[in-house]
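To start, the structure under review is shown below, and the notes come after it.
All residue numbers refer to positions in the sequence shown, counting from 1. These numbers come from the heavy atoms of this one structure, side chains and all, not from hydrogens, waters or symmetry mates. Please read all numbers here as calculations on a predicted model, not as lab measurements.
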Amino acid sequence: MNTRLPLPFRLPFRLVAVTVMTVLALVGCTGSGGPAGASEPPSSPTAPSSPTATSSPPQSAPAPDPSATTAPGTPSATASSPASSSPLPGFSDLQPLWPFTTLTQAREWERAFRSGGHQPWHLDPEQTALSFTRHYLGFEAVDRVTSRAVEGREARIGVGLSGAESTGTAAVIHLARFGTGPDAPWEVVGTDDTTFSMTTPAYGSVARSPMTVGGRITGVDESVRVDVRQPSSRDLLGTSCCMSAGGNSQPWRSTVSFTGAADPVLTVVASTGGHIAEVERFTVTAVRTR
């Protein structure tokens, strides 16, 4: 049986029904009972900001290969090279070839040696002569001392090949003390020549590229190579290879071009070989760049 409510009661009921339907419609639009706008994904909580990356400190240059220039070591060239070369103190005509290029460098080593025993081989003319030959000039096979003569502040050290087929002395290295103190290091200043000499360019002269190089040689089927070097650089500044020579005290002559000279004194080295070793004899002279 249908029971109809009186009109006064039906109006409130309709209002309540409309209100309920409106609420249900809103809930359906907004999702599972969440607040309005919850249908959009909430933004992620802000992550703590990472600290600003700072530049790494400049990496130190890799340590130089100890076998590359000298062993047990070579003093590095200083940036304050003199405007012109100066002879060794106490010698009017001897030019510093290696391992130091200036008196300042030699004195720096003396202070380091006195404070911590740094590179004591500089006080040994034999080790200095062998390091010059093997590691600066690059004649690795010339690895033994064949003679020794030390008189006052000068030394002459013969160096040669090892082995049963050794030809004896490849060169006599001339050294002098770089300084006047008791701990002044030994410095290579040239070679004393006999059967293989270099007379051009003149020792201590100013060199320009291209440079004429020559001297005299005694031997058979010789092959002469000329290199130009400086202590501050591992690379050759110039090379000329190879010139046939031979006979009894016969002249030899070559021309070499070079670039990149920065040191006040350059090393000019002529070598010959090819019979039992690549380098069997060599001769060295010093030239100035200014």
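Taking a 6.0 Å sphere around CZ of Arg114, one finds it holds more than 12 heavy atoms contributed by other residues, nucleotides or ligands. Counting non-hydrogen atoms of other residues, nucleotides and ligands closer than 6.0 Å to CZ of Arg153 gives a total above 12.
The existence of a salt bridge linking Arg134 and Asp143 is excluded, since no basic side-chain nitrogen approaches an acidic carboxylate oxygen closer than 4.0 Å.
Separation of atoms CG (Asp263) and CZ (Arg229) is listed at 13.0 Å; rounding is to 0.5 Å. Trp121 CH2 to Glu126 CD: the interatomic distance, rounded to the nearest 0.5 Å, is 14.0 Å. Here CZ of Phe196 is found 13.5 Å from CZ of Arg216. Values are rounded to the nearest 0.5 Å. Atoms CZ and CG, on Phe178 and Leu94 in that order, are 10.5 Å from each other to the nearest 0.5 Å. To the nearest 0.5 Å, the span separating CE on Met243 from OG on Ser223 amounts to 8.5 Å.
In summary, the side chains of Thr283 and Ser197 do not present any donor paired with an acceptor at a separation below 3.5 Å, with no hydrogens or angles considered. Side-chain contact annotation: Thr195 with Arg281, donor-acceptor N/O pair under 3.5 Å present. Side-chain polar atoms of Gln105 and Thr101 form a donor-acceptor pair below 3.5 angstrom. A side-chain N or O of Thr191 and one of Asp193 form a donor-acceptor pair less than 3.5 Å apart. Checked by atom type, the side-chain pair Thr212/Thr200 shows no donor-acceptor distance below 3.5 Å.
Side chains of Ser240 and Ser254 form a contact here, defined as non-hydrogen atoms less than 4.5 Å apart. Ile157 is not listed as a side-chain neighbour of Val172, based on a closest heavy-atom distance of 4.5 Å or more. The shortest side-chain heavy-atom distance between Pro96 and Thr102 does not fall under the 4.5 Å cut-off. Contact check for Glu187 versus Arg177: no side-chain heavy atoms found under the 4.5 Å cut-off. Using a 4.5 Å heavy-atom cutoff, the side chains of Thr218 and Gln250 are not in contact.
Under the 4.5 Å side-chain heavy-atom criterion for ILVMFWY residues, no single connected hydrophobic cluster contains both Leu97 and Leu266.
Put simply, the residue from Asp227, Thr259, Val228 that forms a side-chain contact (heavy atoms from CB on, under 4.5 Å) with Leu237 is Val228.
Listed by chain and number, the residues in a ring pair (Phe, Tyr, Trp, His ring centres under 6.0 Å) with Phe139 are Phe282 (sequence neighbours excluded).
In summary, the aromatic rings of Trp109 and His122 are positioned with their centroids under 6.0 Å apart.
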